[in-house]
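Indexing begins at 1, ligand by ligand and atom by atom, following the structure's order. Note that the numbering runs from 1 along the sequence shown for the chain.
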Amino acid sequence: MCGIFGIANQSDASQMTYLGLYALQHRGQESTGMSSSDGDQVYTHKSMGYVADVFSEDVIAKLKGINAIGHTRYSTAGDSNEGNAQPIVVKCTYGTVALVHNGNLINAVSLREGLEQQGAIFQSTSDSEVILHLLARSEGDSLLDALGETLAQVQGAFSLLLLTADSLIGVRDPNGFRPLNLGTVNGSYVLASETCAFDLIGATYLREVEPGEIVLIRGSELKSVKALMAPRLSKCIFEHVYFSRPDSIVFGRPVQTSRDLMGRILAQESPVDADLVVPIPDSGVSAAIGYSQQSGIPFAFGLIRNHYVGRTFIEPKIKIRHFGVKVKLNPVKDLLAGKRVVLIDDSIVRGTTSRKIVKMVRAAGAAEVHMRISCPPTLSPCFYGIDTPTKKELIASSHTVEEICKYVEADSLGYLSLPGLIRAVGGKSSEFCTACYTGQYPIDFVDAMPDAKAEDRQLDLWEASLKE
Ligand code: AMP
């Protein structure tokens with residue numbers, strides 16, 4: 001997962017981009033970077049770390065110009081290192097081009113192999129670099145033509161921003177896997193993965209960049225081209241379940257509205273006699289409020305999150321993740337003691353975090369612990385930009401709901417149904433990618449994945465966690 005932000009024709013473009021990236025920090029915490037342009041040159045700064053740490057006032061001042069793009073990275077393809085930080089910047093026949101990418105290309109490995117055989121030298125292991133190689137080799141007369149030619153060759157999930165010396169380009173893949181929004185501020189255009197980035201800079205949300213659309217922004221002019229077609233839409237439903245911020249509009253719908261409904265429908269589908277609805281913060285909060293309001297069971301913050309610790313799952317090094325669970329949450333004993341508690345979270349992946357939390361809530365004195373999950377069981381990994389473990393490691397791929405309940409040591413466990421989830425996100429099932437819940441992938445794989453090595457490593461850890 002990643003967050004992307006771009007702005008054109010704005011005197012303090014890099015300052016605005018810094019703020020936009022700050023609002024998109026939740027989408028990626030490994031590395032961040034920015035490129036700006038002043039009509040003449042492209043300036044870039046990128047590094048491992050958080051937005052607030054990577055960009056100082058001095059750095060921002062050096063990112064001159066009126067156009068800028070930025071990126072917060074969480075790797076789903078390629079290693080976690082500085083070489084894979086974005087923007088990726090190249091010099092080619094179309095001038096200097098900087099690129100940021102949210103998504104995951106499913107044919108990057110085969111495209112890369114083909115390019116390498118033709119002599120291409122890659123600087124990173126990121127799938128996004130393939131796009132720039134194809135662009136540089138294109139015979140299109142203009143950058144826009146070259147981009148159309150390039151994008152016809154890549155498959156998978158891609159919301160992209162490109163920056164040149166004098167223009168900003170936004171692209172959304174034809175399936176519409178990942179979000180990309182268009183806004184306006186001070187007579188300029190702005191693009192961002194989520195609208196929470198617009199709010200922070202006082203921009204107004206205009207619309208989504210449409211699936212398959214390319215928008216070219218130069219000065220205060222915007223040119224739109226519908227360049228790419230796909231047989232079906234595949235908007236990532238998990239953006240509404242977990243990934244996006246509830247204060248964002250994603251795929252044209254407020255995420256909070258979806259999450260509240262997920263909780264309400266969950267309360268209808270999976271009721272329980274209890275004294276208290278407690279969210280697992282922050283991911284379970286919106287759905288828990290919906291569950292509480294629908295069921296009439298009082299809501300309470302029975303678990304307090306230490307906000308200075310990153311989200312447990314977001315660090316790719318597994319050792320850190322386990323550490324994170326322990327330091328992240330603390331039960332409020334006075335609230336929980338003697339109570340029949342409904343714990344609400346958005347999803348169960350491996351089950352390891354949930355198991356620890358259930359134990360913790362019981363140890364705090366809860367009389368009963370019932371888990372309710374605001375999406376269906378996660379059966380299959382995502383290959384379109386969400387970091388999920390391999391299938392083997394997803395507890396629901398090999399265990400029934402009853403078995404998962406036993407593993408997490410809850411008194412009962414209930415998931416939101418898929419029709420319930422579709423209703424909550426206010427769309428038609430044919431518009432969404434629900435592969436993580438159904439195993440039905442909207443586009444076929446070209447490259448073999450996932451790599452066997454990663455599977456072995458994850459399986460060991462999974463077994464280790466079972467022995468705990
Ligand atoms: P576990 O109990 O180990 O399955 O972990 C479940 C927790 O992981 C839930 O609180 C989810 O909000 C969170 N989670 C689910 N998917 C992801 C993801 N792709 N990235 C980060 N966290 C996630």
Inset, instruction - For ligand 1, find out whether one of its N or O atoms is nearer than 3.5 Å to an N or O atom of Phe238. - result: no
Inset, instruction - Measure Tyr242 to ligand 1 on non-hydrogen atoms and call it side chain, backbone, both or neither using the 4.0 Å cut-off. - result: side chain
Inset, instruction - Carefully, step by step, assess Gln256 and Ser286 under the rule side chain to side chain donor-acceptor pair (under 3.5 Å). - result: CA-CA 7 Å; Gln256 170 61 27; Ser286 305; 3.0 Å; yes
Legend entry - Residues Ser374 and Arg259: side-chain donor-acceptor under 3.5 angstrom: no
Inset, instruction - Only one of Phe432, Phe251, Tyr242 passes side chain to side chain contact (heavy atoms under 4.5 Å, CB included) with Ile237; say which it is. - result: Phe432
Legend entry - ligand 1 to Ser354 polar contact by distance, N or O atoms, under 3.5 Å: yes
Inset, instruction - Compute the minimum heavy-atom distance from Thr352 to ligand 1 and say whether it is under 4.0 Å. - result: yes
Inset, instruction - Look at Arg207 together with Glu213 and state whether they make a salt bridge at an N to O cut-off of under 4.0 Å. - result: yes
Legend entry - Per atom 19 (N) of ligand 1, closest listed option by heavy atom (Ile357, Val358, Asp387): Asp387
Legend entry - Heteroatom distance test (Thr353, ligand 1): nitrogen or oxygen, under 3.5 angstrom: yes
Inset, instruction - Determine whether more than 12 heavy atoms belonging to other residues, nucleotides or ligands lie under 6.0 Å from atom CG of Asp53. - result: yes
Legend entry - For Ile348, the ligand 1 atoms whose distance to one of its heavy atoms is below 4.0 Å: 4 (O)
Inset, instruction - Would you check the N or O atoms of Gly351, main chain and side chain alike, for any that come under 3.5 Å of an N or O of ligand 1? - result: yes
Inset, instruction - Under 4.0 Å from a heavy atom of Ile386: give me the atoms of ligand 1 that qualify, with their elements. - result: 19 (N)
Inset, instruction - Using a strict 4.0 Å cut-off to heavy atoms of Ser283, name the atoms of ligand 1 that fall inside it. - result: 10 (O), 12 (O)
Inset, instruction - Answer yes or no: is there a donor N or O on one side and an acceptor on the other, between the side chain of Ser292 and the main chain of Val277, under 3.5 Å? - result: no
Inset, instruction - Grab the two heavy atoms, one from Ala52 and one from Tyr22, that are nearest each other, plus how far apart they are. - result: CB-CE1, 3.7 Å
